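Report on the structure given below.
On a predicted model such as this, the values are computed, not experimentally measured, just so you know.
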Amino acid sequence: MMNRRQALSLSAAGLLAACQSVPARGAALPTPSLHQLAREKGLRFGSAVGAGRPGTVTASFDDPLYREILAHECGVLVHENELKWYVLRPDVNTYDYARADRIMDFAARHGMDVRGHTLVWHHPQWFPEWIETHDYGARPAAEAERLVVEHINAIVGRYGDRIDSWDVVNETVDPATGGLRRTALSQHLGDQEIVDLAFHTARAAAPNAQLVYNDYMSWEAGHETHQAGVLRLLEGMKARGVPIDALGVQSHIGSGNSDDSVGFDTAREANWRRFMDEVTGMGLDIVISEFDVHDKNLPADIASRDQAMAELARRYLDLMLSYPQTKDVLAWGMMDSYSWLQENWPRADGIAKRPTPYDANHQPKPLRQAIADAFMAAPAR
Ligand code: 9MR
């Protein structure tokens, strides 16, 4: 996995240039939209969008045709990076909302809902460095608590009811051990205490919002320890009366869990259903929060690659949508050129990946049709 600095400084110029060769779409966008199809079943469909540094894969918002796709297909948006501590808070005293607000304004203009990602990405790699060098003083637990509470109150307070669902904590379960991750904050506060604190604070600040724990345990082989760790976390939270409403299942399908791709299709459906039964049995809803398909190990041929990806997506979505508790489906980007997977774990043949519903020329792909078909087949909720 690349580090934070590399992630921020990568321009991905080569890939992006190759992907962006044809700017004009030329054909009408498909109807009914994914948003309409979802809504007919009591679902909500949307996507991540990034207002990152111009010219990088994190700057999808700068592409007017991409914005057209979002406005047409989505009922809900989520900031890809703009609400993360390392983007929002360059230092302890600064909150820089400029990028996040561009997305909020766009969503408001188009009557779209917004999900909030994420109040505490509790992973040492994804905090700004000042979190480690900060002077926690004579009462470090109190100072760590103050930082977390102030952060949550500031952001939730700024956006109020405009954000109706929050990834309160993201990825705090270590997939290797199933235990909780330790950060500069939790070493003072406690690894579980920081999670509870974040949810209690979020509930007080956003009494009407859905509060979500979000993570990347998935249905592929090798995810068992991660799944068990997430179940333990959720069970503990429920037992302690922590206010949590839903589990965010990121749904980066087709990858392994060791931060690499271990094979396209190693899905363990029976095991995954047991996991989903446990989660929904706790009274939690399910958010498909970051859906994409990783084609790292598929053959290069586009037609067969797209078909295999569409088939896997359909199988996955049919399973997930068979649970009436699944109400939100968000793609982690709608267009291949802007997918985070272009910058991580390159294919052996070096060609661009095709993880999202639209190709680099703003054209819908079989993956989009698979999502549409899954919505049409889904039971109403
Ligand atoms: O797509 C995001 C990418 O642009 C960022 O560089 C990266 C680090 O902030 O985060 C990516 O999004 C992640 C999300 O926030 C949490 N789940 C995993 C996603 C893919 O890495």
| Less than 4.5 Å apart, any side-chain heavy atom of Val76 and any of Met112? | no
| Below 4.0 angstrom, N of the basic side chain to O of the carboxylate: do Arg109 and Asp105 qualify? | no
| said: Would the distance check show the side chain of Lys41 and the main-chain N or O of Phe375 forming a donor-acceptor pair, the cut-off being under 3.5 Å? | reply: yes
| query | Is the backbone of Tyr338 close enough, under 3.5 Å, to the side chain of Ser60 for a donor and an acceptor to pair up by distance? | reply | no
| task | Kindly determine whether Thr118 and Glu171 satisfy side chain to side chain contact (heavy atoms under 4.5 Å, CB included), including the steps that lead there. | result | CA-CA 10 Å; Thr118 166; Glu171 297 176 16; over 6 Å; no
| CG-CZ distance between Leu189 and Arg182, expressed to the nearest 0.5 angstrom | 11.0 Å
| So do the side chains of Val293 and Tyr316 get within less than 4.5 Å of each other, counting heavy atoms only? | no
| task | Give a yes or no on whether a salt bridge exists between Arg44 and Asp164, defined as a side-chain N under 4.0 angstrom from a carboxylate O. | result | yes
| query | What pair of heavy atoms forms the shortest contact from Ala372 to Leu37, and how long is it? | reply | CB-CD1, 3.6 Å
| field | Sidechain-backbone polar pair: Arg381 side chain, Pro379 backbone, donor-acceptor under 3.5 Å | value | yes
| request: Evaluate side chain to side chain donor-acceptor pair (under 3.5 Å) for Trp219 paired with Glu269, printing each intermediate quantity in order. | output: CA-CA 7 Å; Trp219 71 347; Glu269 295 193 27; over 6 Å; no
| request: Flag the pair His123 / Thr183 as yes when at least one side-chain heavy-atom distance between them is below 4.5 Å, and no otherwise. | output: no
| field | Those residues that, when tested against Asn81, pass side-chain contact (heavy atoms from CB on, under 4.5 Å) (two or more places apart) | value | Thr58, Lys84, Tyr86, Val87
| task | Would you sort out whether Arg314 and Asp318 count as a salt bridge (Lys or Arg N to Asp or Glu O under 4.0 Å), showing the intermediate values? | result | CA-CA 6 Å; Arg314 179 69 200 275; Asp318 282 353; 3.0 Å; yes
| task | Please test Val242 against His200 for side chain to side chain contact (heavy atoms under 4.5 Å, CB included), starting from the C-alpha separation and ending with a verdict. | result | CA-CA 7 Å; Val242 177; His200 282 295; 4.1 Å; yes
| task | Return yes if some donor-acceptor pair links the side-chain N/O of Gln227 with the main-chain N/O of Ser218 below 3.5 Å, else return no. | result | yes
| Is any side-chain heavy atom of His226 less than 4.5 Å from a side-chain heavy atom of Tyr216? | yes
| Between Tyr66 (side chain) and Met334 (backbone), is there a donor-acceptor pair under 3.5 Å? | yes
| task | Before giving the answer on side chain to side chain contact (heavy atoms under 4.5 Å, CB included), spell out for Trp166 and Ile152 the whole-Å C-alpha distance, their side-chain angles and the decisive distance to 0.1 Å. | result | CA-CA 11 Å; Trp166 279 103; Ile152 293 175; over 6 Å; no
| task | Might you confirm whether atom CG of Asp349 has over 12 heavy atoms from other residues, nucleotides or ligands at distances under 6.0 Å? | result | yes
| field | Spatial distance of atom OH (Tyr136) from atom CG (Leu147) [nearest 0.5 Å] | value | 5.5 Å
| query | So, the side chain of Lys365 versus the backbone of Asp336: is there a donor-acceptor pair under 3.5 Å, distance only? | reply | no
| remark: Looking only at heavy atoms, the pair that brings Gly52 and Asp62 closest together is O-OD2, 4.5 Å
| field | Heavy-atom donor-acceptor pair, Thr356 side chain to Met335 backbone, under 3.5 Å | value | yes
| Ile302, Ile351: one ILVMFWY side-chain cluster at the under-4.5 Å cut-off? | no
| query | How far apart are the closest heavy atoms of Leu119 and Trp85, and which atoms are they? | reply | O-NE1, 2.8 Å
| field | Atom pair CG (Asp245) and CD (Gln325), whose distance is rounded to the nearest 0.5 Å | value | 13.5 Å
| request: Could you give me the CA-CA distance, side-chain angles and deciding distance for Asp101 and Arg158, then say whether side chain to side chain contact (heavy atoms under 4.5 Å, CB included) is met? | output: CA-CA 10 Å; Asp101 283 355; Arg158 180 178 182 87; 2.5 Å; yes
| note | By ring pair (Phe, Tyr, Trp, His ring centres under 6.0 Å), His117 pairs with (sequence neighbours left out) Trp332
| field | Heavy-atom check, side chain of Asn214 versus side chain of Glu290, under 4.5 Å | value | yes
| task | Could you please spell out the steps behind the salt bridge (Lys or Arg N to Asp or Glu O under 4.0 Å) verdict for Arg146 and Glu143? | result | CA-CA 5 Å; Arg146 190 191 67 79; Glu143 175 60 5; 2.9 Å; yes
| query | Atom CE of Met276 and atom CH2 of Trp272: how far apart are they, to the nearest 0.5 Å? | reply | 7.0 Å
| What heavy-atom pair brings Tyr358 and Arg368 nearest, and what distance separates the two atoms? | OH-NE, 3.9 Å
| task | Indicate the atoms forming the closest heavy-atom contact of Phe199 with Pro243, along with that distance. | result | CD2-O, 3.2 Å
| query | What do the steps show when you test Glu40 against Gln36 for side chain to side chain donor-acceptor pair (under 3.5 Å), and what is the final call? | reply | CA-CA 6 Å; Glu40 275 168 31; Gln36 287 167 328; over 6 Å; no
| Hey, what do you get for OH (Tyr213) to CG (Leu284), rounding to the nearest 0.5 Å? | 13.0 Å
| Beyond-backbone contact of Arg305 with Pro299, side-chain heavy atoms, under 4.5 angstrom | no
| field | Distance (rounded to the nearest 0.5 Å) between His79 NE2 and Arg115 CZ | value | 12.0 Å
| query | Do the side chain of Arg268 and the main chain of Gly222 share a donor and acceptor less than 3.5 angstrom apart? | reply | no
| field | Min side-chain heavy-atom separation Glu73-Ile69 under 4.5 Å | value | yes
| Whether Asp292 side chain and Pro355 backbone form a donor-acceptor pair below 3.5 Å | no
Expected list for residues 172-180: side-chain donor-acceptor pairs under 3.5 angstrom, two or more places apart:
from	atom 1	to	atom 2	distance (Å)
Thr172	OG1	His122	ND1	2.8
Asp174	OD1	Ala176	N	2.9
Thr177	OG1	Gly179	N	3.0

| task | Side-chain contact test, heavy atoms from C-beta onward, threshold under 4.5 Å: evaluate it for Arg102 versus Glu82 and give yes or no. | result | no
| Minimum heavy-atom distance between Ala313 and Leu367, given as atom pair plus value | CB-CD1, 3.4 Å
| Whether Arg240 side chain and Glu235 backbone form a donor-acceptor pair below 3.5 Å | no
